[in-house]
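Single-structure report; data block below.
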Amino acid sequence: MKKSTPIPVDEPLLADLWNRFRENDEQAFDELARRRYRLLFNYATRFTKDTELIKDCIQDLFLELWYRRTRLADTPYVTVYLICALRNNLLRKLKVNTRLDDSVDLAASCDVFTDNLTVETMLISSESMSQNEREIRNAINRLPRRQQEVIFLKFYEGLSNEEIAKVMDIEKQTVANFIYRAINQLKNDLPSFSQIIPQIIFLFLSSQPFDLQSC
Amino acid sequence: MQDYAQYDIKDFLADEAFCRWVLRQQPADNAFWENWLRNNPQRAAIVSKAKTLISEIHHAQNYLSEEELEMELQRLSAARKSATQYPEHKESTRRWLRPVWLGGGALVCMLVLFLLFGNPLTRPAGPRTAHGPDSAHKTDQWVEVAHDGGGTRLVSLPDGSTVRLSGKTRISYPAAFVKAEREVRLNGEAFFEVIKNPESPFKVYTSDIVTTVLGTSFTVKAFDGDKDVRVVVKTGKVTVAANTARDETREPEKNELVLLPNQQVVYHREEQKMKRSLIENPAPVGQPVAANLVFENAPVARVFESLQKQYEVQIIYDADLLAGCQLTAELGQEPLFEKLAMICKAIQARYELIDGQIIIHGSSCH
């Protein structure tokens with residue numbers, strides 16, 4: 001089996017860093033940024049492929065937090081807080097840049113950014129990626145933007161459906177729908193997924209009598 | 001309790017508890033799933049496949065290399081330091097407003113130097129030479145001041161900010177700053193001293209670029225030649241963006257950069273592209289002339305650290321690789337790049353400038 005790198009479970013430590021940096025601890029601030037920068041950067045790629053814009057957005061976010069440090073509230077959910085804040089900033093920035101009025105669907109405007117640029121224009125740290133992972137990346141990038149976002153929050157950051165619903169400001173059931181639709185699409189797109197189709201068919205067939213029994 | 005025995009691979013992928021186990025590997029989840037697999041050995045293959053897929057989907061969404069991560073963290077750290085140097089004084093009572101830049105009434109100094117070649121200076125400032133985004137608003141009363149003589153001419157803006165115009169320079173500004181942003185249009189060369197107001201960003205529009213004051217105290221210097229426009233930052237932080245008012249088709253988000261101390265941006269008019277880099281001769285930031293730095297058998301990392309602090313530049317190097325490298329040197333008033341060349345010679349390394357950062361390529365000194 002492939003080695004899997006678990007997401008570090010450092011949320012309690014993060015809450016501690018958060019409190020220390022609110023009291024002017026510069027090292028705590030740097031450490032907090034270090035622990036969540038990668039997550040935020042990767043999350044932002046679901047909104048725009050412009051990596052310079054992303055970097056500036058995240059710099060602005062952290063500097064804003066630093067300026068406002070004494071007025072920030074205590075929160076046990078630092079990660080979700082950061083994700084929400086970055087999401088707001090990104091949507092605002094992309095909206096300003098496209099000079100759209102409020103009537104235009106924001107998600108649609110983000111799709112414009114995503115679709116105009118091919119996957120190849122994105123920085124790809126491909127040497128560390130397997131062929132499978134590259135195919136998965138491409139398949140994900142072909143999903144509608146909001147499905148990409150759900151897939152990211154679920155499989156990159158490991159958020160629960162409830163947390164995802166909170167971040168994206170949608171119903172929990174909508175999150176579940178997005179997840180099922182995205183997984184179905186990925187299954188259709190991915191050869192590595194298809195390899196196990198015989199297994200699935202087999203399991204599906206074998207589960208029929210099981211269903212009946214349990215009824 | 002879910003009936004996992006009937007799950008297919010898609011169900012496992014969608015399942016929260018299963019994902020949590022694969023991604024976070026908490027002891028409680030480990031115990032549950034190991035136990036479950038013992039009781040359902042026929043499901044081992046599908047569980048293994050689902051685990052691999054989740055793991056791959058996790059990895060596939062990483063777009064940031066280690067080097068980039070380090071660079072950005074250093075950039076952030078430097079910006080945070082300069083923000084600490086010029087702390088805010090005002091306690092805002094409007095917490096709900098969430099302004100991006102809260103700051104005090106500190107005087108913000110900005111020097112904008114625009115040299116426009118082959119541009120008839122007698123032409124009134126209009127939409128063709130310099131746009132505010134709302135230049136069509138006829139109701140706004142705009143004041144124009146032109147200075148064609150020698151020396152400089154001091155102009156006072158409605159918000160108390162001042163502008164020192166060089167020769168052959170024209171500036172126009174609203175009789176009163178009534179809008180959310182303070183916009184001025186410039187053609188030529190000028191030195192700005194801007195009163196800071198976090199609720200109302202100060203923007204200088206020229207034909208090609210827009211320079212925005214973001215926060216704290218800083219200096220901007222920009223040259224507008226026939227091919228390039230240049231903006232240089234000494235301390236603090238500014239944003240430079242393409243002036244997209246005259247070209248709606250362009251994708252504006254590609255043409256915005258944030259500059260930190262000792263960084264500059266060069267805007268190539270033909271390509272309509274901006275590139276961020278270090279200025280040719282970075283100056284020590286802030287403080288009066290520092291004493292010579294003397295190092296005796298010092299770890300080279302310490303030397304880099306002190307240079308980073310002194311010049312507020314980012315120096316990227318492999319700390320582990322250079323851990324054994326020591327240096328005995330006295331660093332005085334010579335330019336930064338001379339210092340770097342000296343250090344690199346001593347440790348048999350070379351340096352490179354990428355995106356406004358200094359990258360050290362060296363080898364172990366054992």
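Remember, predicted model here, so these are calculated numbers, not experimental data. Below, chain A is the first sequence line, B the second, and so on; all start at residue 1. Both backbone and side-chain heavy atoms feed into the values below; hydrogens, waters and symmetry mates do not.
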Legend entry - Donor-acceptor pair, side chain of A:Lys154 and main chain of B:Ala14, under 3.5 angstrom: yes
Inset, instruction - For this output row, return yes or no: ring centroids of B:His58 and A:Tyr156 closer than 6.0 angstrom. - result: yes
Inset, instruction - Any chance you could lay out the side chain to side chain contact (heavy atoms under 4.5 Å, CB included) test for A:Ile58 and B:Leu76, step after step, and finish with the verdict? - result: CA-CA 9 Å; A:Ile58 301 176; B:Leu76 177 62; over 6 Å; no
Legend entry - Heavy-atom side-chain proximity of B:Leu73 to A:Asp30 below 4.5 angstrom: no
Inset, instruction - Would you mind checking which part of B:Glu66 comes under 4.5 Å of any heavy atom in chain A, side chain (CB onward), backbone (N, CA, C, O), both or neither? - result: both
Legend entry - Within-4.5 Å side-chain heavy-atom neighbours: A:Arg34 and B:Glu70: yes
Legend entry - CG on B:Leu64 to OG1 on A:Thr45, rounded to 0.5 Å: 10.0 Å
Inset, instruction - Could you tell me whether the side chain of A:Gln59 and the main chain of B:Glu72 form a donor-acceptor pair under 3.5 Å? - result: yes
Inset, instruction - Could you have a look at A:Ala33, A:Ala139, A:Ala182, A:Ser160 and say which one has the most heavy-atom pairs with chain B under 4.5 angstrom? - result: A:Ser160
Inset, instruction - Decide yes or no for A:Ile183 and B:Ile9: does some side-chain heavy atom of the first lie under 4.5 Å from some side-chain heavy atom of the second? - result: no
Inset, instruction - Would you indicate whether the side-chain heavy atoms of A:Gln148 and B:Gln61 approach each other to under 4.5 Å? - result: no
Legend entry - Proximity breakdown for A:Tyr43 and chain B, heavy-atom pairs closer than 4.5 Å: neither
Inset, instruction - Report yes if some heavy atom in the side chain of A:Phe155 is under 4.5 Å from a heavy atom in the side chain of B:Leu13; otherwise report no. - result: yes
Inset, instruction - Would you mind telling me which of A:Ile151, A:Leu186, A:Asn24, A:Ile179 has the largest number of heavy-atom pairs within less than 4.5 Å of chain B? - result: A:Ile151
Inset, instruction - Report yes if the side chains of A:Lys55 and B:Met71 come closer than 4.5 Å at any heavy-atom pair, otherwise no. - result: no
Legend entry - Approximate separation, where rounding is to 0.5 Å, of B:Ser82 OG and A:Leu63 CG: 7.5 Å
Inset, instruction - Sequence neighbours left out, what passes ring-ring contact (aromatic ring centres under 6.0 Å, His included) with A:Tyr37? Give chain and number order. - result: none
Legend entry - Straight-line distance of A:Gln27 CD to B:Ser77 OG, nearest 0.5 Å: 9.5 Å
Legend entry - Separation of B:Glu56 CD from A:Glu135 CD (nearest 0.5 Å): 9.5 Å
Legend entry - SB check B:Asp8 A:Lys187 (cutoff 4.0 Å): no
Inset, instruction - Report yes or no: is the cationic atom of B:Arg80 (NZ for Lys, CZ for Arg) closer than 6.0 Å to the six-membered ring centre of A:Phe21, at no more than 45° off its axis? - result: no
Legend entry - More than 12 heavy atoms of other groups within 6.0 Å of A:Glu26 CD: yes
Legend entry - Interatomic distance, A:Asn132 atom CG to B:Thr52 atom OG1 [nearest 0.5 angstrom]: 9.0 Å
Inset, instruction - Report yes if some heavy atom in the side chain of A:Arg38 is under 4.5 Å from a heavy atom in the side chain of B:Asn62; otherwise report no. - result: yes
Inset, instruction - Could you tell me which non-hydrogen atom of B:Asp11 sits nearest to which non-hydrogen atom of A:Tyr180, and how far apart they are? - result: OD1-OH, 3.1 Å
Legend entry - With sequence neighbours excluded, residues passing side-chain hydrogen bond (donor to acceptor under 3.5 Å, both in side chains) with B:Glu34: none
Legend entry - Neighbour count above 12 (heavy atom, 6.0 Å) for A:Glu162 CD: no
Legend entry - Side chain A:Asn42, main chain B:Tyr63, donor-acceptor under 3.5 Å: yes
